[in-house]
Amino acid sequence: MALQDSINPALAFKTDQEMFSRAYSWEPKRQHHFLLVFDDLPAYLVKASGKPTIANGEVALDHINVKRYVKGKSEWSTITMTLYDAIVPSGAQAVMEWVRLHHESATGRDGYSSFYKKLLRLHQLSPLGEVIEEWILNGAFITDASFGTYDWGSDSVQEIELTIRYDWALLNF
């Protein structure tokens, strides 16, 4: 008996065996196969990164005793990144150079958005290292930077936590 997808009729299978053989022919994307690419930060210092998330607002349209809804404003959520703080090249120094484009503590001066906003690229890699997915984050800047802690009782490596706000994201491929 032929199996047919009620949502997408083009996905019809001639036999049950054909469906089961296709069920094991795909390869999942792996969370640890990624690179973050931008400016002067070496990609190998990036330990973890969130992926873009969008939330669509809603607008209620009142009419007599019922409500109808339409989409409101869309907002891209912040993402969090974790970086290794290497001795050379210094992860903290690379982050502070970007922070100084936002605000220079020594003088109290803020920078123009054209100075501190960056274009970030998140690359999903195949098992062979090929770029199979690319997210482009436009107008990215740092909202929070935490440079870790010191602890004599720990043997953990230093990590830097960044919260990144961006104007919009594009799934390029």
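The first residue of the sequence shown is numbered 1, and numbering continues consecutively from there. Only this structure's heavy atoms are used, side chains among them; waters, hydrogens and symmetry mates stay out. A quick note: this is a predicted structure, and the numbers were derived from the prediction, not measured.
- Under the side-chain hydrogen bond (donor to acceptor under 3.5 Å, both in side chains) criterion, D144 pairs with no residue at all, not counting sequence neighbours.
- Here the straight-line distance linking atom CD1 of I132 with atom NE2 of H33 works out to 9.0 Å at 0.5 Å rounding.
- Applying the side-chain hydrogen bond (donor to acceptor under 3.5 Å, both in side chains) rule to R100 yields no partners; only residues at least two apart in sequence or on another chain are considered.
- With rounding to the nearest 0.5 Å, the separation of CD1 in I136 from CZ in R121 is 4.5 Å.
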With a cut-off of 3.5 Å and sequence neighbours excluded, list every side-chain donor-acceptor pair involving residues 109-120.
from: D110; atom 1: OD1; to: H103; atom 2: ND1; distance (Å): 2.6
from: K117; atom 1: NZ; to: D167; atom 2: OD1; distance (Å): 3.1
from: K117; atom 1: NZ; to: D167; atom 2: OD2; distance (Å): 2.8
from: K118; atom 1: NZ; to: D39; atom 2: OD2; distance (Å): 2.6

Review item, side-chain donor-acceptor pairs of residues 46-60, under 3.5 Å, at least two apart:
from: K47; atom 1: NZ; to: E159; atom 2: OE2; distance (Å): 2.6
from: K51; atom 1: NZ; to: E133; atom 2: OE2; distance (Å): 3.0
from: N56; atom 1: OD1; to: S74; atom 2: OG; distance (Å): 2.6

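- Nearest approach of A169 to Y166, heavy atoms of both residues: CB-CE1, 3.8 Å.
- Residues forming a ring-ring contact (aromatic ring centres under 6.0 Å, His included) with F38 (at least two apart in sequence, or on another chain): W98.
- Expressed to the nearest 0.5 Å, how far CZ of F147 lies from CD of Q158 amounts to 11.0 Å.
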For a side-chain contact (heavy atoms from CB on, under 4.5 Å) check, start with the C-alpha distance between L137 and L170, then their side-chain angles and the critical distance, and finish with the verdict. CA-CA 7 Å; L137 281 58; L170 171 69; over 6 Å; no
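- For E130, the side-chain contact (heavy atoms from CB on, under 4.5 Å) partners two or more places apart in sequence, or in a different chain, are S126, L128.
- No donor-acceptor distance shorter than 3.5 angstrom exists from the side chain of H102 to the backbone of F141, with no hydrogens or angles considered.
- From T78, atom OG1 reaches atom CG of L162 across 11.5 Å, with rounding to the nearest 0.5 Å.
- In this structure, F173 shares a hydrophobic cluster with L35, V37, L125, V131, the cluster being traced through Ile, Leu, Val, Met, Phe, Trp and Tyr side chains under 4.5 angstrom apart.
- Applying the side-chain hydrogen bond (donor to acceptor under 3.5 Å, both in side chains) test to R30 and every residue at least two apart in sequence or in another chain returns E27.
- For T149, the side-chain contact (heavy atoms from CB on, under 4.5 Å) criterion is met by no residue, not counting sequence neighbours.
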Might you work through the side-chain contact (heavy atoms from CB on, under 4.5 Å) test for T143 and I164, ending with a clear yes or no? CA-CA 6 Å; T143 60; I164 304 292; over 6 Å; no
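- Going from atom CE of M81 over to atom CG of L36 covers 4.5 Å, rounded to the nearest 0.5 Å.
- For the salt bridge (charged side-chain N to carboxylate O under 4.0 Å, His left out) condition, the pairs that include at least one residue of residues 73-83, sequence neighbours left out, are E75-R165.
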Under 3.5 Å donor-acceptor pairs involving side-chain atoms of residues 83-97, not counting sequence neighbours:
from: D85; atom 1: OD1; to: G91; atom 2: N; distance (Å): 3.3
from: D85; atom 1: OD1; to: A92; atom 2: N; distance (Å): 3.0
from: S90; atom 1: OG; to: A92; atom 2: N; distance (Å): 3.4
from: S90; atom 1: OG; to: Q93; atom 2: N; distance (Å): 3.0

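- For T82, the side-chain hydrogen bond (donor to acceptor under 3.5 Å, both in side chains) criterion is met by E161, not counting sequence neighbours.
- The CD1 atom of I160 sits 8.0 Å away from atom CG of L45, with the distance rounded to the nearest 0.5 Å.
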